There are 2 protein chains.
Amino acid sequence: MPEIEALKSGSSTQRDGLNHQAIEDYLKTIYMLAELESPVSTSRIAEARDVKPASVTSMLQRLAKLKMVDYKKHSGVTLTTAGEKVALEVIRHHRLLELYLMEALGFEWDEVHEQADILEHVISEKLEERIAAFLGHPTVDPHGDPIPAKDGTIVAVDTISLANLATGTQAQITRIIDDANSEMLRYLAELGLTPGTEFTVVDIAPFDGPFSLQVGDNVKIVGRTIANSILVTFV
Amino acid sequence: MPEIEALKSGSSTQRDGLNHQAIEDYLKTIYMLAELESPVSTSRIAEARDVKPASVTSMLQRLAKLKMVDYKKHSGVTLTTAGEKVALEVIRHHRLLELYLMEALGFEWDEVHEQADILEHVISEKLEERIAAFLGHPTVDPHGDPIPAKDGTIVAVDTISLANLATGTQAQITRIIDDANSEMLRYLAELGLTPGTEFTVVDIAPFDGPFSLQVGDNVKIVGRTIANSILVTFV
DNA sequence: AATTAAGTTTAGATATACCTCAAAAGCTAA
DNA sequence: TTAGCTTTTGAGGTATATCTAAACTTAATT
């Protein structure tokens, strides 16, 4: 009965012992937090993942056993080479997927993050490769985040937060941090403040006040929170 | 710290209680087995999923509690309307994905099943919709299997197994059963026996022997196993 | 050096989602 | 009615993920 055979594979779950999803998510979280501060502390991870520190500790012990992190009690973690490789692969998947969903399937800027977060763990090497090829092996995703290459290299662009600019400065948006907050992304897209946009800081209101940005003929005003999330390069 | 926010969603797993994957796979299995014989017995499902009958029983009890199946001890299961809806959705996803991977990303006939089996459980409604639109809302997948519409309708084509044809019959391949067996699919593709192909049965060897099919100027010979897996319509 | 506050780890307990095996129970057809 | 098969039950296993509360470490402050 060939039908039975056909059904069989339909049922094959990951029975290989490891639940990749959680592990990959932790490694990704650690990688990203390590960019801000390394080694990464238990509580930082707990915050980011929205779990209790105790849960993080046990996961770190598991990751240490898998040689994915260097972990010594009370002193935080760093990724091993193996761990970093996994993290970069997941991030690569994520960013390729975001770009693909926009380019190939017409999704909006603010819609892609969630779906990519799920798909990043399940696409095969081959699918990743096809997607990358379709996109012409891009190095930057729709939010301006760099896409790690297959070998782990990242094309890093020297950026500075818009919040640190002085009045009169000319700059170009290269990256929007916080790709989880689709409301902000929608808002920024509305304002026309997307990666690639050039602008001049025409005013900074005192007492942590908003920034006025000249974009073409218009002036756009953004608050501190947004200014912090926008990374720029000088033109 | 906006970065923390960004990471948060990166970590969000399905914490919603249900592990969809297994449930969906069971429902899909039951749906497909029910096409052969309904109600579907425990052992049939166990075979198809390659688990022990006892495991099936407990899953059936779980599915019954979820109102996905009608289940009465010792008498097999049938899907409820809700259960069928889920099964059809998963099947729709699967077949759309297979077609999409081929059409949009250049995968081969025999490569798409595995990846689709995983992706079918994780694509959002919106992604499904975009994929369907990209493909022009198709009703048939690369193996000739009908793709259920969003409302659950299936365009059924009246088919008969090639194995039942008599010598001299003219027919067209509409469907290849057993999309899990990529070796067979590769072989069939090599022979040029894919859905849409027209042929005439020029010989059937006795004692369950092979079929000789005239395809254009060539004669292709296929054994019983393959003949059973090929469904045809008359021309 | 001792104290304290903050952060971290352990221990113990739940919970879920599978799965298995062995034995009991139920069905069906000769 | 009983043999043979299928199905269910019940007990138990593994893996993962979580929590609370108590114990501990570290680093900063006195």
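Everything numeric in this text was worked out from a predicted model, so none of it was measured. Only this structure's heavy atoms are used, side chains among them; waters, hydrogens and symmetry mates stay out. Numbers restart at 1 for each chain; the letters A, B, ... are given by sequence-line order, proteins then strands.
- Proximity note for V51(A) (side chain, C-beta onward) versus dT9(C), dC18(C), dT18(D): the nearest is dT18(D).
- Applying the side-chain contact (heavy atoms from CB on, under 4.5 Å) criterion to Y31(A), with sequence neighbours excluded, gives E35(A), L79(A), E84(A), A87(A), L88(A), I91(A), I154(A).
- A salt bridge between R95(B) and E120(B) is absent, with no side-chain N of the basic residue lying under 4.0 Å from a carboxylate O of the acidic one.
- Within the 4.0 Å cut-off from OP1 or OP2 of dC19(C), at least one side-chain nitrogen or oxygen of Y26(B) is found.
- Rounded to a whole Å, the CD atom of E47(B) is 10 Å from the P atom of dT7(D).
- Residue contacts shown for T57(B) include a base, since a base heavy atom lies under 4.0 Å away.
- Rounded to whole Å, atom P of dT20(D) lies 6 Å from atom NZ of K52(A).
- Note on K150(B) versus E128(B): salt bridge recorded, some NZ/NE/NH1/NH2 to OD/OE distance being below 4.0 Å.
- Nucleotide dA17(D) holds its P atom 14 Å from the CD atom of Q61(A), rounded to whole Å.
- Here R62(B) does not reach the OP1 or OP2 of dT16(C): none of its side-chain N or O atoms lies under 4.0 Å away.
- Among the protein residues, S43(B) comes within range of the sugar-phosphate backbone only, with heavy atoms under 4.0 Å from sugar or phosphate atoms but none that close to a base.
- Rounded to whole Å, atom P of dT20(C) lies 12 Å from atom CE of M59(B).
- Between dT9(C) and S58(A), no contact under 4.0 Å exists linking OP1 or OP2 to a side-chain N or O.
- Among the heavy atoms of the strands, none lies under 4.0 Å from S75(B).
- Proximity of S55(A) to the phosphate of dC19(D): a side-chain N or O atom is located under 4.0 Å from OP1 or OP2.
- Taking the ring centroids of H94(B) and H113(B), they lie under the 6.0 Å cut-off.
- Across all their heavy atoms, V155(A) and P146(A) have their closest contact at O-CB, 3.6 Å.
- The separation between R44(B) atom CZ and dT6(D) atom P is 8 Å, rounded to whole Å.
- For L66(B) and dT16(C), the CG to P distance is 13 Å, given to the nearest whole Å.
- Looking at heavy atoms from C-beta onward, T78(A) lies out of side-chain contact with V69(A) at the 4.5 angstrom threshold.
- For dT9(C), the OP1/OP2 oxygens have a side-chain nitrogen or oxygen of Y71(A) closer than 4.0 Å.
- At a threshold of 4.5 Å between non-hydrogen side-chain atoms, the residues M32(B) and L27(B) do not count as touching.
- OP1 or OP2 of dA17(D) has not a single side-chain nitrogen or oxygen of R49(A) nearer than 4.0 Å.
- Among the protein residues, S41(A) comes within range of the sugar-phosphate backbone only, with heavy atoms under 4.0 Å from sugar or phosphate atoms but none that close to a base.
- L63(A) places its CG atom 13 Å from the C1' atom of dA17(D), with the value rounded to the nearest Å.
- Using a 4.0 Å cut-off between charged side-chain N and carboxylate O, D141(B) and R92(B) make no salt bridge.
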message = Across nucleotides 22-30 of chain C, 5' to 3', mark each nucleotide with B, S or - according to how protein heavy atoms within less than 4.0 Å reach it.
response = ----SS---

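- For the pair D25(A) CG and dT18(D) C1', the computed distance is 16 Å after rounding to whole Å.
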